[in-house]
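Heads up: the structure comes next, in structure tokens.
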Amino acid sequence: MGKLANIHPGEVLLEEFLKPMAISAYRLSKDIGIPQTRTSQIIKSRIRITANTAIRLSKYFGTSVNFWLGLQNDFDVEEEMIKLGSELDEIPVFG
């Protein structure tokens, strides 16, 4: 069984919130007071969700700030682990 793809928080925003709730990226941007380009870039997995955006999304959707930051953090950690690859195997465990 292969490894699952790392899911960007923008994909979660699109697939679990915007599509089911029939909210456009434009409407979300206007409602939470961020540029539409930021929303589009997040949805396209091109930029990360910042603390500022996480706070706004959490207020709008009634979620916790840590939900959004946690998704972003998990994504970032997985990406770094992929980049480090076998280099991690060379780091000894202390003790």
Side-chain angles (χ1 to χ4, degrees):
M1 183 183 224
K3 187 175 180 183
L4 295 175
N6 195 14
I7 298 173
H8 189 275
E11 186 176 343
V12 175
L13 175 62
L14 180 64
E15 298 296 334
E16 302 296 329
F17 290 88
L18 299 184
K19 283 184 178 179
M21 297 176 182
I23 301 169
S24 69
Y26 176 79
R27 178 177 168 199
L28 175 67
S29 299
K30 291 298 177 196
D31 286 351
I32 68 173
I34 65 172
Q36 185 179 358
T37 53
R38 184 188 312 174
T39 302
S40 295
Q41 294 296 305
I42 290 169
I43 290 170
K44 293 176 183 175
S45 305
R46 293 186 180 152
I47 64 170
R48 60 190 326 275
I49 292 179
T50 63
N52 179 293
T53 303
I55 292 166
R56 293 168 187 269
L57 290 171
S58 69
K59 172 78 165 123
Y60 190 73
F61 290 116
T63 60
S64 72
V65 174
N66 286 333
F67 171 77
W68 297 104
L69 292 178
L71 288 174
Q72 186 64 61
N73 192 49
D74 290 347
F75 177 82
D76 292 346
V77 168
E78 185 66 26
E79 288 297 297
E80 286 303 315
M81 289 180 72
I82 291 167
K83 286 179 190 175
L84 288 170
S86 61
E87 185 179 337
L88 284 177
D89 296 335
E90 297 173 21
I91 299 173
V93 176
F94 179 78

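When reading the values below, keep in mind they use all heavy atoms of this one structure, side chains included, and skip hydrogens, waters and symmetry mates.
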Supply the atom-to-atom distance [X] [atom1] to [Y] [atom2], rounded to the nearest 0.5 angstrom.
X   : Y   : atom1 : atom2 : result
Q41 : Q36 : CD    : CD    : 11.0 Å
T39 : I47 : OG1   : CD1   : 8.0 Å
K30 : I34 : NZ    : CD1   : 10.5 Å
I49 : I42 : CD1   : CD1   : 5.0 Å
D74 : I7  : CG    : CD1   : 11.0 Å

Identify the heavy atoms of [X] and [Y] that sit nearest to each other, and give their distance.
X   : Y   : value
I32 : R56 : O-NH1, 2.6 Å
I43 : A25 : CD1-CB, 3.9 Å
S29 : P35 : OG-O, 3.8 Å

Derivation and outcome, side chain to side chain contact (heavy atoms under 4.5 Å, CB included), residues L57 and L28: CA-CA 9 Å; L57 290 171; L28 175 67; 4.1 Å; yes
Can you tell if the side chain of [X] reaches within under 4.5 Å of the side chain of [Y], non-hydrogen atoms only?
X   : Y   : result
H8  : Q72 : yes
P20 : E16 : no
L14 : K19 : yes
L88 : L84 : yes
K83 : E80 : yes

CD1/I82: more than 12 non-hydrogen atoms of other groups inside 6.0 Å: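 Enclosed.
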Hphob cluster co-occupancy, I55 + L69, side-chain heavy atoms under 4.5 angstrom: yes
Worked verdict on R38 versus N52 for side chain to side chain contact (heavy atoms under 4.5 Å, CB included): CA-CA 12 Å; R38 184 188 312 174; N52 179 293; 3.6 Å; yes
Pairs flagged by ring-ring contact (aromatic ring centres under 6.0 Å, His included) wherever residues 42-66 is involved - sequence neighbours left out: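 Pairs touching residues 42-66 that pass the test: F17-F61.
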Any residue meeting side chain to side chain donor-acceptor pair (under 3.5 Å) with T50, in chain and number order, not counting sequence neighbours: T53
Donor-acceptor contact below 3.5 Å, side chain N6 vs main chain F75: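 It does hold such a pair.
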Check: S58/W68 side-chain N/O donor and acceptor closer than 3.5 Å: no
L71: which of N66, D76, V12 passes side chain to side chain contact (heavy atoms under 4.5 Å, CB included): V12
